[in-house]
Asks: 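Below you'll find the structure I mean.
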Amino acid sequence: MTTDFCEIISPNTIEYNVIIMSYYLIAPAKTFHQSDNMLTYASEEPLSPGHIVEIPLGKQTTIGIVSGKTSQPNFETKPVIRKIYETPLPPHLLKALFWITDYYRCPLSSVIQAMLPAGITKKRRNLKKIVQPSAPSIENPLNAAQKRAIKDIESSSANTILLHGITGSGKTNVYIELAKHILVKNQSVIILVPEIALTSQLVANFRAHFPEITLIHSAQTEAVRHHIWEKTLNSPDPQIVIGPRSALFAPVRNLGLIIIDEAHEPAYIQDQNPKYSALRLAAVMSKTVLGSATPLIADYYICKRHSAITELTELAIKQDKHAELQIVDLKNRPDFTRSQILSNQLIAEIQDSLDHNTQSMIFHNRRGTAPLTICDHCGWQALCPNCFLPLVLHADAYQMRCHTCGRHFPVPTDCPNCHNATIHHKGFGTKAIEDELYRLFPSAKIARFDADTTNGQQLSQIYDQVHSGNYDIIVGTQMIAKGFDFPKLRTLGVVQADAGLSLPDYSSEERTFQLITQVIGRANRGHQNSKIIIQTFQPDSPVIQYACAGDYSNFYKYLLQRRKQSVLPPYSFLLKLSLTYKTERATTQNARKLNKKIIQFIAQNTLTNVSVTPPMPAFHERSNSGYTWDIVIKAKKRQDLLSIFDSLDKPPQLHYVFDPLSLL
């Protein structure tokens, strides 16, 4: 406490102004002198944990979050400039701030920047109030399985519960009913979706039951996001917030439940600083429901051990419609006399759908026209000069594009190496499939869903048109596999079901199973008697067989055994270290030095059940930044990974990921 004395007012009267200074630990949103620790500041005004303040930092000012009160230090402190909001951040966000920093070893400042809206100190104009359509008071029809699932979730003592429901089993109705029960308790609900493109469909379902929904996503302007965030912070009422991963940081009061839809999606992993899993973070913040037809193997394993799984195994609306599935071997070329891409069986089914005024969907998880451009004379290949990865031909825009960095280039007419005109474009993507369909069915109306044709808003508009039956054939990548409901869909074709199985990654089988199962789910929702054609080079693969049968249980057992043999998640924790230097020699030398330090630390501290891979070139070894080599550490205890990581020097060339879903 510091006391200051005022001047003498009159010879007989002295007025004393007593200023009581308190001291606080504050986490700044910027690093200072390479330090990412909390700093001590003085304040005349009382502050509470979670208050957002403006503070001096060096010669500049920044924002900070108050962690708590501290005793007067023995060094000079600077005063807090001002308190930005009277309302502090809710306790669950303050907890999340320090948990992410500790669990993922992220810079504290980067977590604050992700948690708070950009331009928080700017003065904003009052935005025009958007009047939401009034919600009609309608019933939420629930079958016996859905009612049982709700009862199981609400009675469970587990903090994370897995809602494992087949596609079309009515998971959304369960979410709505759970949200109603939480609101009655005067608590808030956050619902996460993997991508903005899926938000509008879920919002429409929720708006039919609730008077007001708060929607948060990155397509909103900075001013709009700031306004929504500020309104949410200051609202005393319970709220329903819907959005992708970043919606977790909505400053709602009294958070009672977090629902994560399509919880298997990799979009819930933040791969830039601060790096974190929204699934893990949600479990720290509140009771959490993970909804998925194809949950991650590790999540299913953990929830099963804690008896925290509830199953929905039947369609929400039982009908007498059925789906017939056929596997076509891509090696059997007599089945491809009418097209090199589409089998005769698939073409016949598409024609049958057109004849019956129903819809067809063709799935291929590769956009563009051709993924490979080479010279047949000398072997030259069109590579991105920035990423050194193959450029993809996009015939509609007639340009070569890099799907990693986004740069585009003219289409070569002759080889820049040998100058021969023997340039050939090989392979195919969704654009090539669309062109082939127009050739085979010239009068059909075709919609293409991929990252080249749609942003979130356009996807929503096209979905509405497809849902209404304005298109005959839908072509797309994985974005059409995620939760959409197409009532008129009769024919589904997967062009190359095993395309992802050849990737040298521990998660390739799991991702392939998820994609095929989710796509099949679009045509197996009880609306039509449907026909599903699965084209594959590996018809006998267990992954393909289990996915086509919708057999998650046996796939889980199959993959769990393989993970156990290789000591991979959920039987271990992973830390991936990547070093990037300008030259290959510098990269290899530093990677070997790093590997040696890690092995020495493990030996000195007698860490057991820890293994380290030798340094190896990354999957994308060469880029504009230089050469990258990886080291992967596996440990039975996650704390061992943290100890190893804390012992290392961390040059700017070192990048790291805890608990990676993929090692590519």
Side-chain angles (χ1 to χ4, degrees), residues 132-194 198-216 237-243 247-248 250 252-264 279 282-283 285-293 295 299 303 307-319 482-485 521 525-526:
Q132 296 190 2
S134 58
S137 179
I138 64 172
E139 290 293 322
N140 185 29
L142 299 171
N143 59 29
Q146 291 167 324
K147 291 176 182 177
R148 188 192 67 249
I150 293 166
K151 184 179 179 181
D152 290 347
I153 291 168
E154 293 185 329
S155 63
S156 175
S157 59
N159 201 52
T160 300
I161 303 98
L162 175 62
L163 177 60
H164 180 210
I166 63 170
T167 52
S169 60
K171 293 187 288 294
T172 300
N173 282 353
V174 173
Y175 302 156
I176 290 170
E177 201 63 27
L178 288 171
K180 287 180 178 179
H181 293 183
I182 293 295
L183 287 183
V184 168
K185 299 177 184 178
N186 203 36
Q187 294 178 317
S188 296
V189 184
I190 294 176
I191 301 105
L192 298 187
V193 293
L198 292 177
T199 306
S200 60
Q201 188 177 342
L202 195 72
V203 170
N205 289 329
F206 267 77
R207 277 189 176 151
H209 294 270
F210 300 98
E212 188 169 355
I213 303 292
T214 299
L215 180 61
I216 298 176
D237 301 321
Q239 298 171 73
I240 293 179
V241 174
I242 300 178
L248 260 186
V252 296
R253 301 285 106 191
N254 200 13
L255 179 60
L257 182 67
I258 298 172
I259 297 169
I260 303 182
D261 192 30
E262 307 290 348
H264 60 278
L279 277 64
M285 295 167 62
S286 178
K287 186 166 184 174
T288 301
V289 174
L290 307 178
S292 176
D299 289 339
C303 290
S307 301
I309 300 176
T310 184
E311 306 272 357
L312 292 174
T313 57
E314 299 178 359
L315 293 175
I317 303 174
K318 293 183 179 180
Q319 298 187 22
K482 300 175 183 177
F484 288 123
D485 185 12
R525 302 177 76 93

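Keep in mind the model is a prediction, meaning the values are calculated, not measured.
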Asks: So which heavy atom on G291 is nearest to which on Y175, and how close?
Replies: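 G291 and Y175 have their closest heavy atoms at CA-OH, 3.3 Å.
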Asks: For the side chain of N173 and the backbone of L142, is there at least one donor-acceptor N/O pair under 3.5 Å apart?
Replies: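 Side chain of N173 to backbone of L142, a donor-acceptor pair under 3.5 Å: no, none is there.
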Asks: Kindly determine whether R148 and K151 satisfy side-chain contact (heavy atoms from CB on, under 4.5 Å), including the steps that lead there.
Replies: CA-CA 5 Å; R148 188 192 67 249; K151 184 179 179 181; 5.6 Å; no
Asks: Is the backbone of A145 close enough, under 3.5 Å, to the side chain of E314 for a donor and an acceptor to pair up by distance?
Replies: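 Between the backbone of A145 and the side chain of E314 there is no qualifying donor-acceptor contact (under 3.5 Å).
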Asks: Between CG of L257 and CG of L183, what distance do you get to the nearest 0.5 Å?
Replies: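 So the gap between those two atoms works out to 10.0 Å.
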Asks: Which value, rounded to the nearest 0.5 Å, describes the distance between T288 atom OG1 and L248 atom CG?
Replies: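 T288 OG1 to L248 CG: 8.0 Å, rounded to 0.5 Å.
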Asks: When rounded to the nearest 0.5 angstrom, what is the spacing between CD1 in I213 and CD1 in I191?
Replies: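 CD1 of I191 is found 6.5 Å from CD1 of I213.
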Asks: What residue pairs, at least two apart or across chains, pass side-chain hydrogen bond (donor to acceptor under 3.5 Å, both in side chains) with a residue in residues 182-193?
Replies: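 Applying side-chain hydrogen bond (donor to acceptor under 3.5 Å, both in side chains) to every pair that reaches into residues 182-193, excluding sequence neighbours, yields nothing.
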Asks: Find the distance between SG (C303) and CD1 (I161) and round it off to the nearest 0.5 Å.
Replies: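 Here the interatomic distance stands at 8.0 Å.
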Asks: Quick one, L162 with D299, criterion side-chain contact (heavy atoms from CB on, under 4.5 Å). Give me CA distance, side-chain angles, the key distance, then yes/no.
Replies: CA-CA 8 Å; L162 175 62; D299 289 339; 5.5 Å; no
Asks: Taking all non-hydrogen atoms of both residues, which atom of A263 and which atom of I260 are closest, and how far apart?
Replies: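 Closest approach of A263 to I260, heavy atoms only: CB-O, 3.7 Å.
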Asks: Compare all side-chain heavy atoms of I150 with those of L178 and state whether any distance is below 4.5 angstrom.
Replies: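 Yes, their side chains come closer than 4.5 Å.
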Asks: Starting at CG of D261, measure out to OG of S292 and round the result to the nearest 0.5 Å.
Replies: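 Nearest 0.5 Å value for the CG-OG distance: 8.5 Å.
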Asks: Rounded to the nearest 0.5 Å, how far apart are CD1 of I258 and CE of M285?
Replies: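 Rounded to the nearest 0.5 Å, the CD1-CE separation comes to 4.5 Å.
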Asks: Could you pull out the closest heavy-atom pair between K171 and I166, with the gap in Å?
Replies: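 Looking at all heavy atoms of both residues, the shortest contact is NZ-O, 3.5 Å.
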Asks: May I have the step-by-step check of side-chain contact (heavy atoms from CB on, under 4.5 Å) for L312 and V174, ending in yes or no?
Replies: CA-CA 10 Å; L312 292 174; V174 173; 4.2 Å; yes
Asks: Quick check: closest heavy atoms across L192 and A247, and the distance to 0.1 Å?
Replies: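 What the structure gives for the nearest pair is CD2-CB, 3.9 Å.
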Asks: What is the minimum heavy-atom distance between T167 and G521, and which atoms define it?
Replies: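 In terms of heavy atoms, the two residues are closest at OG1-CA, 3.1 Å.
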Asks: L163 and V289: which non-hydrogen atoms are nearest, and at how many Å?
Replies: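 That closest heavy-atom pairing would be CB-CG1, 4.0 Å.
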